[in-house]
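So you know, we letter chains A, B, ... as the sequences are listed, proteins then strands, and number each from 1.
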2 protein chains.
Amino acid sequence: MYDGSGAEDGSRIEALRLRCTTFAARRTICYEGDAPTELFQLFDGWAFRYKVTRDGRRQILSFILPGDLIDLPLLGTERIAHAVKALTAISVCVFSRTELADFIYGDAERARRAGAAFAAQSAATDEQMLDLGQRSAFERIARLLNHLAVQLRKRGLAEAEGFRLPLTQSHIADATGLTAVHVGRTLREMRKSKLLSLAQGWLTIEDPESLAAI
Amino acid sequence: MYDGSGAEDGSRIEALRLRCTTFAARRTICYEGDAPTELFQLFDGWAFRYKVTRDGRRQILSFILPGDLIDLPLLGTERIAHAVKALTAISVCVFSRTELADFIYGDAERARRAGAAFAAQSAATDEQMLDLGQRSAFERIARLLNHLAVQLRKRGLAEAEGFRLPLTQSHIADATGLTAVHVGRTLREMRKSKLLSLAQGWLTIEDPESLAAI
DNA sequence: CGCGGGTTTGAGGGGTTTCAATACTAGTGG
DNA sequence: CCACTAGTATTGAAACCCCTCAAACCCGCG
């Protein structure tokens, strides 16, 4: 997602910041169909974007990590087509949607960087569609966990041995299109084959090369 | 996708057009990892974006219809992370990637409209992830065909009784994450239950309300 | 006419789900 | 400090959806 970094504009964006605030864990930040006037940048904690079918099945579209914008598409539309929920307690910076849009679109270089952020997110969701449509449960879970490891490392939020993973098996299930029960079984397999182990909210990657190769 | 319509800019975009050209059916327009210097707007015919796994499983990410840009993310990145292939013979308008990007990002209003196009595509892929992750074969196929019907009608490319659908069952399978065999069986069910019928490249929707309700 | 790609149908197997019961863990209040 | 509770994880058995393999069929086309 758009992280506002990479240039002196980082400081200029700060001038637009209205305030900072926090949300409790499990708090829903916004619902599908909302037209929020404000837009957040996640500062600390985890959140996720999701959609639900009419009969209640939930698909987690992506996890939002510190530095990510909530929600990039809001730069292009008033109404968002998905819900956002805090996974842990989170703290965010608040921007005005219209002010931020004016700021970004008013300058070619900034608009270009926003376009790059869109392209990056688009590439990520395409990759995810390949996972959901074509790969096995084992592959999907391995790739999700590896993706999160890569993202966290990029942000300096992972230790060498592993990292804190505030996801339940249900979250992993809803992100990969599987059931929580089957996620549990697959994680047991991975533990047994010394690929990785996930327990008490801590993920340890024991064989990074094999994991990345999946 | 971004269709350049909706304002007097339509004509100005035409000034940027380098030329028009055509591609034969089944021709691959670009490969995953390419960094094309040109960017197309589809004028006539069908194409699709796809990705493949290392062992050859293919996921069709979206179908590209007349009016769509090939490829929107190219406005934000040099390298595209998916391949594009012509389904039928197609004709396209050719633009220079950098020229078009300069043109769009150089004006706040145009940049805003590109952002809106990004947001729309993002909403569409989110919807598709919900389909792939949570819905049954029957639902996925029904929703894909309904989506195409809606898009074609919006462009005035569908008759009242149905429309030409240049997809094989394999295409539908790769778009929905199923196998061609199972797509065939499911289409038979739909035909039997008088929902729709697909034969010889012509799709007839017999019960539009039920279809849209799925 | 023969050929190749697409479709249809059948039988069988496998990955994943569903249902159900038990065990664990963390937070809460007495 | 311990019981209580709710959410989470684990395990087993059975069913189901979809896949794989395979053969036959169809059709347009050279």
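Residues from residues 192-203 of chain B with heavy atoms under 4.0 angstrom of DNA chain C: there are none. Within residues 142-149 of chain B, no residue approaches DNA chain C, by heavy-atom distance under 4.0 Å.
Considering only side-chain N and O atoms, Gln169(A) lies nowhere under 4.0 angstrom from the phosphate OP1 or OP2 of dG7(D).
As a whole-Å value, the separation of Met190(A) CE from dT10(D) P is 14 Å. What separates CZ of Arg26(A) from P of dA6(D) is a distance of 14 Å, to the nearest Å. The interatomic distance linking Arg191(A) (CZ) with dT10(D) (P) rounds to 5 Å, in whole Å.
Comparing the helix axis at one end of the helix from dG14(C)-dC17(D) to dG30(C)-dC1(D) with that at the other, each defined from 5 consecutive pairs, gives an inter-axis angle of 30° (nearest 10°).
For Phe138(B), the CZ atom is densely surrounded, since the number of other residues' heavy atoms within 6.0 Å is greater than 12.
Partners of Tyr50(A) by ring pair (Phe, Tyr, Trp, His ring centres under 6.0 Å), not counting sequence neighbours, listed by chain and number: Phe48(A). Every residue two or more places apart in sequence or in another chain was checked for a side-chain contact (heavy atoms from CB on, under 4.5 Å) with Ala89(B), and none qualifies.
Here Glu127(A) pairs with Arg135(A) in a salt bridge; the nearest charged N to carboxylate O distance falls below 4.0 Å.
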Every protein N/O lying under 3.5 Å from an N/O of nucleotides 16-21 of chain C:
| from | atom 1 | to | atom 2 | distance (Å) |
| --- | --- | --- | --- | --- |
| dT16(C) | OP1 | Ala137(A) | N | 2.8 |
| dT16(C) | OP2 | His182(A) | NE2 | 3.3 |
| dT17(C) | OP1 | Thr179(A) | N | 3.3 |
| dT17(C) | OP2 | Thr179(A) | N | 3.1 |
| dT17(C) | OP2 | Thr179(A) | OG1 | 2.9 |
| dT18(C) | O4 | Arg185(A) | NH2 | 3.0 |

